[in-house]
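Worksheet: one structure, shown below.
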Amino acid sequence: MVATRASSLDLDLTRETSQVLNLVTDALTHDSADVRAAACSCMKSVSRSVKVIIQNLSAGSFMNEVIVIPLVQLLHDTSSSVQVAALGAISNIVVEFSKHKSVFIQCGGVKQLVQLSKSMESAIRLNAVWALRNLMFLSDNRCKEGIFLELTASTLTSLICDPEPSVQEQALALVRNLVDGCVDSIEYVFLEDGLILHAIGRQVQSALKAEVLVQGMYVLSNVASGNEIHKEAVMHQLFPQDGSTTEPIMIKHLQNKNSQLRTAAAWALVNLTFPSNPGASSRVAKLWNAGVTSQLKNMVNDPCLDVKLRVKTALGQFMTFGDGST
């Protein structure tokens, strides 16, 4: 009896939810820009409700063309507020349903997102890059390749160097998702003579916003998880051989009050110094001479647990090579 009643309630909820979604979907094409924008905001909120989507709707029906096509069409809307709202809804939908990213791509969504990422309006530019970031999240290699070919290294580099720090942050987060996963994905930042990697290095060295620095350091940490060429490239970005006597940027990041930045910096050190890597001994010696080891020893009781754990791991790997002087 209880099971039957629960099943009946689930069926009723599914029916009601479907009816609501049908109304919202219809509103996406309403004559009023305010209604269209409100429908996008509603869609964005609904897509956040994992329980509703997973238990009461099939992910496939939520992510099908009935919803995707109107949202993609709204990216061409004459109202910028509608475009921003549509971008917000798309951001949530593509990140929640990674198996259905191809539906959005097949509808021509990527091309329009890239176009909007070049908008003169910072809000549109920001939300377009945010959507691309979420689309890239946990994507397979084929999907990554398709997005990158549309985006191009030069456009991505421009976004990393955008006048707006919030756009810089999202662009770096996009690259972080791009290079995450298999080693082959890391190669994207080395294309066109390392155009993207050099832009990331400049941001890590000079950005003022902690949020930008955090994403930049996580990109370098992901790159440092690759092969020896990748690791040495990261070392060059963090410790450029320019004859400067200023304190290495890595030390400054490890001392930063932002715990996320300290964590990202410590992660990069862990990935640079795996004892089994052939060049680890040489890198540890350079890090030791740069004062990194001493700084890590001062962080063993860091108030942030994540930082403390990464510091412990990094120091353990450093100690594998003795005092790092050879």
Side-chain angles (χ1 to χ4, degrees), residues 114 117 129 132-133 136-137 139 141 144-165 167-244 246 248-254 261 263-274 277-280 282-283 286-287 290 292:
V114 172
S117 75
V129 179
L132 285 166
R133 166 195 177 174
M136 190 73 77
F137 181 65
S139 289
N141 293 337
K144 284 184 178 181
E145 182 180 7
I147 297 170
F148 187 82
L149 286 174
E150 192 69 53
L151 190 56
T152 74
S154 59
T155 298
L156 192 45
T157 299
S158 296
L159 292 169
I160 291 171
C161 303
D162 192 272
E164 295 291 334
V167 176
Q168 297 171 16
E169 178 190 357
Q170 293 306 317
L172 288 166
L174 191 167
V175 180
R176 177 182 174 184
N177 289 341
L178 173 65
V179 300
D180 184 44
C182 69
V183 175
D184 289 344
S185 295
I186 297 175
E187 291 296 327
Y188 285 112
V189 299
F190 288 87
L191 296 176
E192 298 187 29
D193 296 322
L195 189 64
I196 296 173
L197 183 63
H198 293 313
I200 296 165
R202 289 193 297 272
Q203 287 290 34
V204 167
Q205 292 285 344
S206 61
L208 300 178
K209 295 287 186 179
E211 294 82 2
V212 175
L213 293 170
V214 168
Q215 294 300 331
M217 281 305 304
Y218 270 121
V219 175
L220 293 185
S221 178
N222 282 356
V223 175
S225 68
N227 59 37
E228 284 298 303
I229 294 176
H230 300 152
K231 295 177 191 294
E232 289 300 321
V234 171
M235 287 291 291
H236 180 72
Q237 295 298 327
L238 294 173
F239 304 92
Q241 304 300 310
D242 54 6
S244 174
T246 59
I249 197 66
M250 174 59 83
I251 301 292
K252 295 180 180 179
H253 292 343
L254 290 170
L261 181 52
T263 301
W267 259 123
L269 292 172
V270 170
N271 289 341
L272 286 168
T273 59
F274 284 126
N277 295 146
S282 174
R283 286 190 291 276
K286 292 177 182 177
L287 294 168
V292 172

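The basis for the numbers below is simple: all heavy atoms, side chains too, and nothing from hydrogens, waters or symmetry mates.
Gln170 places no side-chain N or O within 3.5 Å of a backbone atom of Gln168 that could act as its donor or acceptor partner. Looking only at distances, a side-chain donor or acceptor of Gln203 sits under 3.5 Å from a matching main-chain atom of Ile160. Although no hydrogens or angles enter the test, the distance criterion places a donor-acceptor pair under 3.5 Å between the side chain of His253 and the main chain of Val204. Between the side chain of Ser158 and the backbone N or O of Ser154, at least one donor-acceptor pair lies under 3.5 Å. For the pair Ser117 (side chain) and Val114 (backbone), a donor-acceptor distance under 3.5 Å is present.
Looking at heavy atoms from C-beta onward, Glu187 lies out of side-chain contact with Ile229 at the 4.5 angstrom threshold. Between Met250 and Leu269 the shortest side-chain heavy-atom distance falls below 4.5 Å. Counting only heavy atoms from C-beta outward, the side chains of Val175 and Ile196 approach each other to under 4.5 Å. Annotation: side chain of Val270 is in contact with side chain of Phe274 (closest heavy-atom distance under 4.5 Å). Taking the side chain as every heavy atom from C-beta outward, Asn222 and Trp267 never approach each other to under 4.5 Å. Inter-residue side-chain proximity for Phe148 and Leu191 is flagged as met; some heavy-atom pair is nearer than 4.5 Å. Between Val167 and Leu159 there is a side-chain heavy-atom pair separated by less than 4.5 Å. A heavy-atom distance below 4.5 Å is not found between the side chains of Tyr218 and Leu172.
The CG atom of Leu132 lies 5.5 Å from the CG atom of Leu174; values are rounded to the nearest 0.5 Å. Considering NZ of Lys286 and CD of Glu232, their distance stands at 5.0 Å, rounded to 0.5 Å. Expressed to the nearest 0.5 Å, how far CD of Gln205 lies from CD1 of Ile249 amounts to 5.0 Å. To the nearest 0.5 Å, the span separating CD on Gln237 from CG on Leu197 amounts to 4.5 Å. Put simply, CG on Asp180 and OG on Ser185 are 8.0 Å apart, with the number rounded to the nearest 0.5 Å. Interatomic distance, Asp193 CG to His198 NE2, rounded to the nearest 0.5 Å: 7.0 Å.
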What do the steps show when you test Arg283 against Asn277 for side-chain contact (heavy atoms from CB on, under 4.5 Å), and what is the final call?
CA-CA 10 Å; Arg283 286 190 291 276; Asn277 295 146; 3.8 Å; yes

Check the pair Leu287 / Met235 against side-chain contact (heavy atoms from CB on, under 4.5 Å), numbers first and verdict last.
CA-CA 9 Å; Leu287 294 168; Met235 287 291 291; 4.2 Å; yes

Evaluate the criterion side-chain contact (heavy atoms from CB on, under 4.5 Å) for residue pair Phe239 and Val292; output intermediate values, then yes/no.
CA-CA 11 Å; Phe239 304 92; Val292 172; 4.0 Å; yes

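Arg176 has no carboxylate O lying under 4.0 Å from a charged side-chain N of Glu169, or vice versa, which leaves the two without a salt bridge.
Smallest separation of non-hydrogen atoms from Lys231 and Ala224: NZ-O, 2.5 Å. Closest non-hydrogen pair, Ser139 versus Lys144, comes out as O-CE, 3.6 Å. Counting all heavy atoms, side chain and backbone alike, Ser221 lies closest to Ala268 at OG-N, 3.6 Å. Across every non-hydrogen atom of Gly226 and His230, the tightest pair is CA-ND1, 3.5 Å. Minimum interatomic distance between Ile147 and Met136 (heavy atoms only, all atoms of both residues): CG2-CE, 3.6 Å.
Screening Val179, Val189, Ile200, Asn271 against Leu220 for a side chain to side chain contact (heavy atoms under 4.5 Å, CB included) leaves a single residue, Ile200.
Residue Leu208 places its CG atom among 12 or fewer non-hydrogen atoms of other residues, nucleotides or ligands, all under 6.0 Å distant.
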